[in-house]
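One structure is given below, encoded as structure tokens.
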Protein chains: 2
Amino acid sequence: MDLKRKISIAVIRRLPRYYRYLSDLLKLDITRISSKELAARMDITASQIRQDLNCFGGFGQQGYGYNVELLFNEIGKILGVDSGFNTIIIGAGNMGQALANYGNFEKRGFRLVGIFDVNPQIVGKRIKDIQIMHFDSIDEFIKNNRVDIAILTIPYNATPAVAEKMARLGIKGLWNFSPMDLKLPYDVIIENVHLSDSLMVLGYKLNQKYRRQA
Amino acid sequence: MDLKRKISIAVIRRLPRYYRYLSDLLKLDITRISSKELAARMDITASQIRQDLNCFGGFGQQGYGYNVELLFNEIGKILGVDSGFNTIIIGAGNMGQALANYGNFEKRGFRLVGIFDVNPQIVGKRIKDIQIMHFDSIDEFIKNNRVDIAILTIPYNATPAVAEKMARLGIKGLWNFSPMDLKLPYDVIIENVHLSDSLMVLGYKLNQKYRRQA
DNA sequence: TAGATTGTTAATCGATTAACAATC
DNA sequence: TAGATTGTTAATCGATTAACAATC
């Protein structure tokens with residue numbers, strides 16, 4: 001994983017997709033694949049695959065292609081699936097619970113270590129072995145436990161203040177589900193999920209296709 | 001909205017973001033804004049804003065800038081927030097319920113008209129005035145109601161078959177939450193949401209910054 | 001009017017694709 | 001070995017940024 005030059009975010013965002021396709025190939029007991037065939041499956045060019053992978057190293061072999069398991073593991077390493085990130089969920093509403101129950105994150109290196117909410121009706125309940133704690137106890141919790149990432153599934157208006165609090169408590173990464181672009185005067189890394197943006201793009205495409213503008 | 005040339009998907013995907021920022025400006029009672037100032041707020045270039053907007057028409061005025069409300073409405077029209085898309089949710093687990101309860105979609109032109117599940121424990125319950133129906137009754141429902149978009153919040157393995165069924169029933173758009181790239185031999189428009197991809201990118205960035213590779 | 005800012009063309013930059021020598 | 005396919009350089013394409021005349 002040399003750092004000769006900065007790897008573009010476009011490449012990074014494709015890595016999880018490669019990871020998914022390689023995972024599928026593994027499940028199909030396919031042990032080797034050429035960039036050409038993988039490209040066909042993924043609907044991209046073989047050139048792009050080879051360029052992308054060579055940002056991180058030469059994982060293939062001339063005349064042979066790529067060993068699926070090896071490549072899967074290498075991309076996993078690049079993405080840090082063996083990093084064991086400790087995460088907490090702030091906001092145990094439907095979205096928070098959905099994410100808490102989603103088993104895939106664990107497989108990808110994200111361990112859920114705490115869930116917080118302000119609603120006394122919810123505090124104390126268990127989700128996946130984890131008892132929901134009151135948000136008031138979060139300072140204490142973070143003091144006593146390593147927490148890398150806070151997942152924010154809280155109401156829109158609460159988000160900026162809670163995010164700032166997380167940053168001040170030393171959290172390194174925020175995964176934000178409120179429809180806003182979080183920006184903080186701390187060097188915390190933020191990844192925003194914009195669900196309604198995605199839905200609106202779908203709406204746009206439908207209108208384009210069916211000219212159903214109201 | 002002339003169609004002189006195809007508008008790139010990169011531009012389209014920025015539109016909801018413009019829409020959000022303009023909505024914020026409206027709430028702040030700001031009535032006009034220059035591309036320069038909006039650019040500063042959004043952390044992009046003024047050039048990009050003017051280029052993007054001029055794909056759809058000249059909404060500004062030399063020497064003045066853009067009228068916030070007018071621009072907001074125009075982008076809304078482009079995105080079809082007044083199209084009144086009828087949507088159904090398939091899968092009333094936590095994710096399905098989270099989306100059902102999320103008020104923002106309605107504001108953006110997406111009306112929820114049905115929720116379906118296969119779990120008899122859940123069928124019959126109400127979410128937001130809508131009684132959860134059994135998935136078996138979906139053919140009937142779609143026959144009797146216009147449904148534009150199906151939101152798929154169902155288990156991974158169930159997704160391809162359900163998606164195909166939706167396409168065969170004439171649904172025009174699918175919003176898929178399973179971590180796979182849905183592809184169907186129908187001309188249905190699909191928008192995939194890849195939550196774990198987003199989380200993995202966050203993980204990558206954290207590793208880059210803190211060199212904490214396990 | 002003078003100043004500001006757009007709409008739009010031209011220049012630049014970066015990302016994608018093509019090509020091919022290296023090599024398994 | 002011959003065939004296949006990579007890694008990598010070069011060419012192309014598209015997207016972003018800069019510049020500026022038009023004009024409010």
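Quick note on labels: first sequence line is chain A, next is B, and so on, each numbered from 1.
- Within the structure, every side-chain polar atom (N or O) of B:R50 is placed at least 4.0 Å from both OP1 and OP2 of C:dG7.
- Distances from the side chain of B:Q62 to the nucleotides C:dT5, D:dG7, C:dC24 place C:dT5 closest.
- The side chain of B:Y64 contributes no N or O atom lying less than 4.0 Å from OP1 or OP2 of C:dG7.
- Comparing D:dT17, C:dT17, C:dT6 by their closest approach to the side chain of B:S35 singles out C:dT6.
- The shortest distance between the side-chain N/O atoms of A:Q48 and the OP1/OP2 oxygens of C:dT16 is below 4.0 Å.
- For B:R32, the side-chain atoms get nearest to C:dT5 when compared with the rest of C:dT5, D:dG7, C:dA18.
- Close to D:dT16, at under 4.0 Å from its OP1 or OP2, lies a side-chain N or O of B:R14.
- Pairing for D:dT12 goes to C:dA15, judged as Watson-Crick or G-U wobble with the two contacts each under 3.5 Å.
- A donor-acceptor contact shorter than 3.5 Å links the side chain of B:D148 to the backbone of B:N86.
- Of the candidate nucleotides D:dC24, D:dT6, C:dT16, C:dT16 has the atom nearest to the side chain of A:A10.
- Screening A:D197, A:L152, A:N176, A:L174 for a side chain to side chain contact (heavy atoms under 4.5 Å, CB included) with A:N192, the sole residue that qualifies is A:N176.
- Among the candidates B:R17, B:R14, B:R13, the single residue satisfying the salt bridge (Lys or Arg N to Asp or Glu O under 4.0 Å) test with B:D52 is B:R14.
- Between B:Y66 and the phosphate of C:dG7, there is a side-chain N or O to OP1/OP2 separation shorter than 4.0 Å.
- At distances below 3.5 Å, at least one donor-acceptor pair connects side-chain atoms of B:R32 with backbone N or O atoms of B:Y64.
- Residues A:W175 and A:F105 bring their aromatic ring centres within 6.0 Å.
- Base-pair partner of D:dA22: C:dT5 (Watson-Crick or G-U wobble, both distances under 3.5 Å).
- Judged by atom type and distance alone, A:Q51 reaches the base of C:dT17 through a side-chain donor-acceptor pair under 3.5 Å.
- Of the candidate nucleotides C:dA10, D:dA15, C:dT17, D:dA15 has the atom lying nearest to any side-chain atom of B:S8.
- Counting atom types as modelled, B:S47 pairs a side-chain N or O with a base atom of D:dA18 as donor and acceptor under 3.5 Å.
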